[in-house]
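I'd like to ask you about the structure that follows.
Quick caveat, the model's predicted, so the values are computed rather than measured. Ligands are counted one by one from 1 in listed order, and the atoms in each one are counted from 1 as well.
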Amino acid sequence: MMRKKVYAAVIGGGAAGLMCALRAAERHPDKDIVILEKADRVGKKLLVTGNGRCNLSHVGANAKSYHGDGCEDLINILFEKYSPDAVIAYFNRLGLMTYSDNEGRVYPISRQASSVLDVLRMRLKGCGAEELCGVEIREIRKVKGGYEIRTDSGIISAERLVIAVGGKVDYAGRESGAGIVKTLSLSTVKCTPSLSPIKVDSEITRSLKGIRATAEVRLIHGVEIVKAERGEVQFTENALSGICIFNLSRFANQNTGCEIGISLLPDLSREEIREELQRRIELNQDGNLSDIFVGLFHKSIGNALMKSAGIKPSTACSDISDKELNALADTIADWRFKAVPRHDFQNAQVSAGGIKLSEIDARTFETKKHRGLYIIGEALDVDGDCGGYNLQFAFASGMCAGDSL
Ligand SMILES: Cc1cc2nc3c(=O)[nH]c(=O)nc-3n(C[C@H](O)[C@H](O)[C@H](O)COP(=O)(O)OP(=O)(O)OC[C@H]3O[C@@H](n4cnc5c(N)ncnc54)[C@H](O)[C@@H]3O)c2cc1C
């Protein structure tokens with residue numbers, strides 16, 4: 001049975017944990033730092049981020065891009081020192097060359113997520129930090145002078161302990177049991193899936209499976225437009241997907257009675273859409289209504305729009321009534337889908353919820369209840385929008401705690 005005494009143990013070898021261990025190892029070259037990872041290797045999730053390219057930060061990240069109770073103050077304090085610029089500059093110092101796309105999303109110039117993991121691991125190795133993988137944590141005990149971590153392969157005593165176990169989503173998009181935090185009696189906010197496709201109660205999406213359209217999407221609750229985004233919508237069997245949809249999913253998964261309104265021609269008013277349809281009908285006087293969408297939308301989208309508006313695609317252009325024309329213009333301007341809140345974490349990129357921010361000191365990420373215990377990354381009740389914000393938070397909180405250890 002292994003018995004180990006270290007200065008600091010970091011539980012979880014993901015983005016936040018690796019960064020934290022590295023900063024601590026740079027600060028204390030003479031002290032033992034160990035990363036305890038339950039998977040067979042560290043950083044597995046990092047490798048699948050950004051479709052394998054790792055969108056590691058966002059140049060414009062600020063408190064507005066994050067959600068969670070009390071997160072505005074936390075992010076403002078954190079980003080004073082660990083801003084996107086500071087995180088990117090640190091990665092550049094480690095040897096990672098980066099670029100930002102025209103939306104401000106930051107990637108490695110290699111366009112490979114493995115580059116991000118490699119520079120972290122290379123420097124960790126250089127600093128002498130140790131990775132212990134395949135470790136099952138059985139119990140964490142607070143003892144005099146620190147913490148005792150009981151694992152399936154032995155006991156590790158640490159003066160400082162960092163919890164960096166992430167949220168409820170693992171590297172394969174499965175629900176992972178972050179039950180470890182239960183043993184520390186810290187208060188938590190229930191986790192719900194975020195940055196996920198939005199399930200919809202509609203037959204229409206089935207016929208559109210695999211099709212994409214550029215649009216403005218709005219999340220509507222009652223009469224209120226909660227959030228609007230522009231981008232590419234992807235239709236799946238029973239859901240809407242795409243980055244713009246992901247950014248609406250947090251609220252849609254937490255509240256019943258939401259609707260998604262898709263505006264397929266967001267730069268035209270409803271009246272202008274009607275006029276454009278009228279013009280196309282006149283051009284196709286001898287044809288069917290389905291012909292008027294040629295050069296405008298995917299054929300299947302045209303058919304689905306007519307179905308939603310209650311019009312048969314075989315209707316002759318010369319036969320369309322005013323009522324039908326209005327219904328079609330309304331559908332193109334505001335195509336409604338009833339959202340169904342989802343509770344599973346499959347296909348969600350992050351989980352909203354986690355350990356309450358009131359448990360930690362925003363300047364160090366040390367818990368107020370247990371001295372020498374730190375919580376970082378997605379394990380906390382902070383989740384960001386899609387676009388590099390979540391990794392920015394994971395890295396920044398890891399840097400902050402690592403520098404405070
Ligand atoms: C498919 C996908 C793509 C994504 N793409 C992006 C992107 O491009 N940009 C972006 O900003 N965000 C992205 N995210 C979100 C981002 O990956 C996470 O927010 C971020 O990884 C959180 O970092 P973390 O270190 O807190 O947690 P994680 O990266 O989840 O790391 C936690 C680590 O702890 C380990 N662990 C958990 N429990 C235990 C335990 N009991 N004992 C020991 N180890 C444990 C896990 O195995 C894991 O290695 C994506 C997420 C997914 C799922």
Side-chain angles (χ1 to χ4, degrees), residues 9-21 34-58 61 65-66 84 87 101 104-108 111 113 116-117 120 131-140 149-153 156 161-184 193-197 243 246 345-352 354-355 365 374-399 401-402:
V10 178
I11 302 183
L18 291 170
M19 179 58 91
C20 176
V34 66
I35 300 165
L36 306 174
E37 167 58 52
K38 75 170 179 187
D40 56 355
R41 50 179 297 198
V42 298
K44 273 190 153 176
K45 195 200 275 183
L46 260 181
L47 296 177
V48 300
T49 57
N51 284 326
R53 290 189 302 148
C54 186
N55 176 195
L56 66 138
S57 182
H58 192 290
S65 332
Y66 295 91
V87 169
D101 69 8
R105 301 183 197 113
V106 181
Y107 296 90
R111 289 168 168 77
V116 179
L117 182 57
L120 288 169
E131 291 172 4
L132 287 179
C133 295
V135 174
E136 196 65 51
I137 313 285
R138 299 227 190 277
E139 195 187 357
I140 295 171
I149 307 134
R150 292 175 174 258
T151 75
D152 52 349
S153 48
I156 295 153
L161 176 61
V162 183
I163 305 289
V165 293
K168 274 213 162 189
V169 188
D170 78 358
Y171 54 88
R174 292 175 306 229
E175 192 165 335
S176 87
I180 186 173
V181 299
K182 284 193 191 128
T183 64
L184 296 163
S194 187
L195 304 190
S196 71
I243 291 177
F246 282 9
F345 289 81
Q346 210 185 8
N347 299 323
Q349 289 199 349
V350 295
S351 46
I355 296 169
F365 285 74
Y374 297 73
I375 318 276
I376 54 173
E378 211 184 303
L380 288 165
D381 176 22
V382 177
D383 57 289
D385 291 340
C386 197
Y389 302 97
N390 287 291
L391 283 174
Q392 164 62 28
F393 177 69
F395 290 132
S397 60
M399 284 167 89

Report task. Just go through Leu391, Ile376, Leu195, Leu36 and tell me whose heavy atom is the nearest to atom 16 (C) of ligand 1. Result ->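 Minimum heavy-atom distance to atom 16 (C) of ligand 1 goes to Leu391.
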
Requested in this report: Could you grab the distance from atom CD of Gln349 to atom CG of Asn390, nearest 0.5 Å is fine?
Outcome: 8.0 Å

Query raised in the report: With atoms numbered from 1 as shown, which atoms in ligand 1 lie under 4.0 angstrom from a non-hydrogen atom of Tyr389?
Result: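 Those qualifying, in numeric order: 11 (O).
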
**Report entry** Spacing of CG belonging to Leu56 relative to OG1 belonging to Thr49, to within rounding of 0.5 Å
**Finding:**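 If I round to the nearest 0.5 Å, the distance is 8.0 Å.
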
Requested in this report: Look only at the side chain of Asp40 and the backbone of Gly134, and say whether a donor-acceptor pair between them is shorter than 3.5 Å.
Outcome: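 No.
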
Report task. Search all heavy atoms of Arg111 against all heavy atoms of Arg53 and return the closest pair with its distance. Result ->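 Smallest heavy-atom distance, with atoms named: O-CG, 3.3 Å.
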
Report task. Ignoring hydrogens, just give me the one of Glu37, Lys45, Gln349 whose non-hydrogen atom is nearest atom 17 (O) of ligand 1. Result ->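 When every heavy atom of Glu37, Lys45, Gln349 is considered, Lys45 comes closest to atom 17 (O) of ligand 1.
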
Requested in this report: Considering the heavy atoms of Ile137, write down every atom of ligand 1 situated less than 4.0 Å from one of them.
Outcome: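 Numbered from 1, ligand 1 contributes 42 (N).
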
**Report entry** By ring pair (Phe, Tyr, Trp, His ring centres under 6.0 Å) - contacts of Phe395 (at least two apart)
**Finding:**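 Here the qualifying residues are Phe91.
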
**Report entry** Sub-4.0 Å atoms of ligand 1 with respect to non-hydrogen atoms of Ala394
**Finding:**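 Going through ligand 1 atom by atom, the ones under 4.0 Å from Ala394 are 23 (O).
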
Query raised in the report: Would you say ligand 1 has an N or O under 3.5 Å from any N or O of Ala379?
Result: no

Query raised in the report: Under 4.0 Å from any heavy atom of Gly12, which atoms of ligand 1 are there?
Result: 33 (C), 34 (O), 35 (C), 44 (N)

Query raised in the report: Which atoms of ligand 1 have any heavy atom of Gly377 under 4.0 Å away?
Result: 26 (O)

Report task. State the atoms of ligand 1, each with its element, that fall below the 4.0 Å cut-off from a heavy-atom position in Gly166. Result ->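 It comes down to these atoms of ligand 1: 26 (O), 27 (O), 30 (O), 32 (C).
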
Requested in this report: Can you sort out the partners of Tyr389 under ring pair (Phe, Tyr, Trp, His ring centres under 6.0 Å), two or more places apart, ordered by chain and number?
Outcome: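 With sequence neighbours excluded, Tyr389 shows a ring pair (Phe, Tyr, Trp, His ring centres under 6.0 Å) to His58, given in chain and number order.
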
Query raised in the report: Taking the side chain from Ser351 and the backbone from Lys168, do they hold a donor-acceptor pair closer than 3.5 Å?
Result: yes

Query - Shortest reach to atom 39 (C) of ligand 1 by a heavy atom, considering only Asn347, Thr151, Val165 - result: Val165

Query raised in the report: Which distance, rounded to the nearest 0.5 Å, do you find between the CG of Leu195 and the CG of Asn347?
Result: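 Reported value, rounded in 0.5 Å steps: 12.0 Å.
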
Report task. For residues Cys133 and Arg41, report the shortest heavy-atom separation together with the two atoms involved. Result ->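 Nearest pair, atom of Cys133 first, then Arg41: SG-CA, 3.7 Å.
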
Report task. Decide whether an N or O pair under 3.5 Å exists between Gly17 and ligand 1. Result ->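 So ligand 1 has no N or O lying under 3.5 Å from an N or O of Gly17.
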
Query raised in the report: Just which atoms of ligand 1 are under 4.0 Å from any heavy atom in Asn390?
Result: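 Every atom of ligand 1 under 4.0 Å from some heavy atom of Asn390: 11 (O), 12 (N), 19 (O).
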
Query - Rounded distance [0.5 Å steps], CG in Leu161 versus CD1 in Ile149 - result: 5.0 Å

Query raised in the report: Does any N/O atom on Thr49 come nearer than 3.5 Å to any N/O atom on ligand 1?
Result: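 Thr49 vs ligand 1: no N/O contact under 3.5 Å.
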
Query raised in the report: Taking both backbone and side-chain atoms of Ile11, is any N or O found less than 3.5 Å from an N or O belonging to ligand 1?
Result: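 In fact, backbone or side chain, Ile11 has no N or O that close.
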
Requested in this report: Could you tell me which atoms of ligand 1, counted from 1 in the order shown, lie closer than 4.0 angstrom to a heavy atom of Gly388?
Outcome: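 It comes down to these atoms of ligand 1: 9 (N), 10 (C), 11 (O).
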
